[in-house]
Amino acid sequence: MQIELRDYADLLDFQPEFILGKNSYRIDLLVIKKLSQQAIPKNIARIFTSYNLFEIKGIHSSITIGSYYKTIGYAGLFIDQAGGTTQYTSLDISITFLAFRYPRKLTKHLCKDRHLTVEKISPGIYHINKETFMIQLIVTYELPPEENLYLRCLTDNLQDIELINRLSHDYAAHKEQDIYTKYLNQLTTANLKAKGESTMVCEGLFHLFGTTSEEVIARAKKESKDELDAYYLPKIKTLSSHIDYLENLLKQNNISFDMNSD
């Protein structure tokens, strides 16, 4: 989303994995529009208001009825949390559901049981009218690549040579920026195909970016290890210091210390 909205970076603040207060409730992405009255003409952001909540589904997941109402509930909690001395309303909030496929069961429920209307605004963009909040559905598979190249390419089966060439050309102009490298790493890793003991992959995708599937696999493993180390090593060091303290305390009182005892 940051790449897609790069032309409006000065107007937007992106907060992924936003936690609601002290609860474990999590918003996949919160996009804050710094100037609420400033319109953003990009197709995926025309609905934006002050606070814009995103529920993002994986390639093989769908926007279920349950996840739809859960996100609406989170939007209500967000208003309560963000309020303070300022009175926010549903007009200050927009909700975006981003998925790879069109959610037919959900839209059937909304139209039949709730008597709402689901309106196609442009390719891949649907608005849910008459709902409490301003809500849009973004179906990445339907988005026009000339306007939403990076979202359109979010798939684990990227075989379209024209799309790959478009992506390669744009990436070449921005490859020094970390966010583009992260996107490419995720995309190439997602397009690895395991078949038996071997790895099947569209190697043409990797060659266009000056890499190979082997390099991508190695890089992905290193990044995963680095992330795990960053999370666990401080905890291990803290635990070790506690153990050392306990051992010294026991020795001072002539009590044996055995890590292997039950």
Side-chain angles (χ1 to χ4, degrees), residues 1-5 8-40 42-119 121 124-140 151 154 179 186 227 231:
M1 292 301 300
Q2 287 180 262
I3 293 174
E4 290 285 359
L5 295 169
Y8 312 97
D10 293 342
L11 297 175
L12 302 171
D13 177 25
F14 293 84
Q15 298 189 23
E17 306 289 337
F18 183 83
I19 303 297
L20 286 170
K22 298 180 180 179
N23 299 310
S24 58
Y25 304 134
R26 176 180 56 81
I27 297 170
D28 290 335
L29 174 65
L30 172 66
V31 181
I32 301 173
K33 190 163 72 165
K34 299 174 184 178
L35 300 175
S36 59
Q37 301 304 316
Q38 177 70 50
I40 298 179
K42 184 81 171 178
N43 63 340
I44 59 176
R46 292 191 186 109
I47 196 177
F48 278 11
T49 181
S50 299
Y51 298 99
N52 308 281
L53 283 57
F54 280 74
E55 172 76 6
I56 302 171
K57 293 299 180 181
I59 293 172
H60 300 292
S61 300
S62 179
I63 307 169
T64 64
I65 296 174
S67 63
Y68 176 83
Y69 288 114
K70 177 198 71 175
T71 306
I72 289 180
Y74 286 178
L77 288 174
F78 181 83
I79 289 178
D80 181 63
Q81 175 179 314
T85 58
T86 304
Q87 293 297 315
Y88 291 107
T89 71
S90 61
L91 296 178
D92 299 300
I93 306 288
S94 82
I95 298 175
T96 296
F97 292 93
L98 191 148
F100 184 72
R101 299 288 185 185
Y102 182 79
R104 298 189 182 280
K105 289 184 179 179
L106 171 63
T107 53
K108 181 179 180 181
H109 159 73
L110 295 176
C111 295
K112 182 179 179 181
D113 301 331
R114 295 279 313 283
H115 306 293
L116 305 179
T117 58
V118 180
E119 180 184 3
I121 302 299
I125 310 290
Y126 300 82
H127 286 185
I128 299 177
N129 299 320
K130 302 180 181 179
E131 183 57 279
T132 305
F133 297 94
M134 292 180 286
I135 298 180
Q136 67 175 354
L137 308 175
I138 297 179
V139 182
T140 59
L151 281 176
L154 284 179
I179 191 171
Q186 292 289 337
E227 289 179 0
Y231 180 79

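Just so it is clear, the model here is predicted, and its values are computed rather than measured. The figures that follow rest on heavy atoms only: side chains count, while hydrogens, waters and symmetry mates do not.
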Please say whether more than 12 non-hydrogen atoms of neighbouring residues, nucleotides or ligands are located less than 6.0 Å from [atom1] in [X].
X      : atom1 : answer
Lys70  : NZ    : yes
Asp13  : CG    : yes
Lys112 : NZ    : no
Tyr102 : OH    : yes

Only distances under 3.5 Å count here; give the side-chain donor-acceptor pairs of residues 90-100 to other protein atoms, sequence neighbours excluded, each with its distance to 0.1 Å.
from, atom 1, to, atom 2, distance (Å)
Ser90, OG, Thr132, O, 3.3
Asp92, OD2, Thr89, N, 2.8
Ser94, OG, Asn52, OD1, 2.6
Thr96, OG1, Gln136, NE2, 2.9

Exercise for the section: Applying side chain to side chain contact (heavy atoms under 4.5 Å, CB included), run through Ile47 and Met134 and close with a yes or a no. Expected result: CA-CA 7 Å; Ile47 196 177; Met134 292 180 286; 3.8 Å; yes
I want to check something: taking the side chain as every heavy atom from C-beta on, are [X] and [Y] in contact at a cut-off of under 4.5 Å?
X      : Y      : value
Phe14  : Leu12  : yes
Glu131 : Ile72  : yes
Arg46  : Ile40  : no
Leu29  : Met1   : yes
Tyr126 : Val139 : yes
Leu30  : Leu53  : yes
Phe48  : Ile32  : no
His127 : Ile125 : yes

Handout entry: Under 3.5 Å donor-acceptor, Thr71 side chain and Ser67 backbone
Key = yes
Handout entry: Donor-acceptor under 3.5 Å (Ser61 side chain, Lys57 main chain)
Key = no
From [X] atom [atom1] to [Y] atom [atom2], the distance as rounded to the nearest 0.5 Å:
X      : Y      : atom1 : atom2 : answer
Gln81  : Leu20  : CD    : CG    : 5.0 Å
Tyr8   : Lys33  : OH    : NZ    : 11.5 Å
Thr107 : Arg114 : OG1   : CZ    : 13.5 Å
Leu110 : Lys105 : CG    : NZ    : 14.5 Å
Ile128 : Leu106 : CD1   : CG    : 6.0 Å
Leu151 : Leu5   : CG    : CG    : 8.5 Å

Fill in the blank from the handout: Tested for ring-ring contact (aromatic ring centres under 6.0 Å, His included) against Tyr25, the lone hit among Phe78, Phe18, Tyr74 is Tyr74
Practice task
Considering non-hydrogen atoms only, spot the tightest contact between Ala75 and Phe133 and give its length.
Solution key: CB-CZ, 3.7 Å
Problem - Least distance between heavy atoms, Ile3 atom then Ile179 atom - result: CD1-O, 4.1 Å
Practice task
Test Asn129 against every option in Thr117, Ile135, Val118 by the side-chain contact (heavy atoms from CB on, under 4.5 Å) rule and name the one that passes.
Solution key: Thr117
Completion exercise
Across all chains, not counting sequence neighbours, the side-chain contact (heavy atoms from CB on, under 4.5 Å) partners of Arg26 are Glu17, Ile19, Asp28
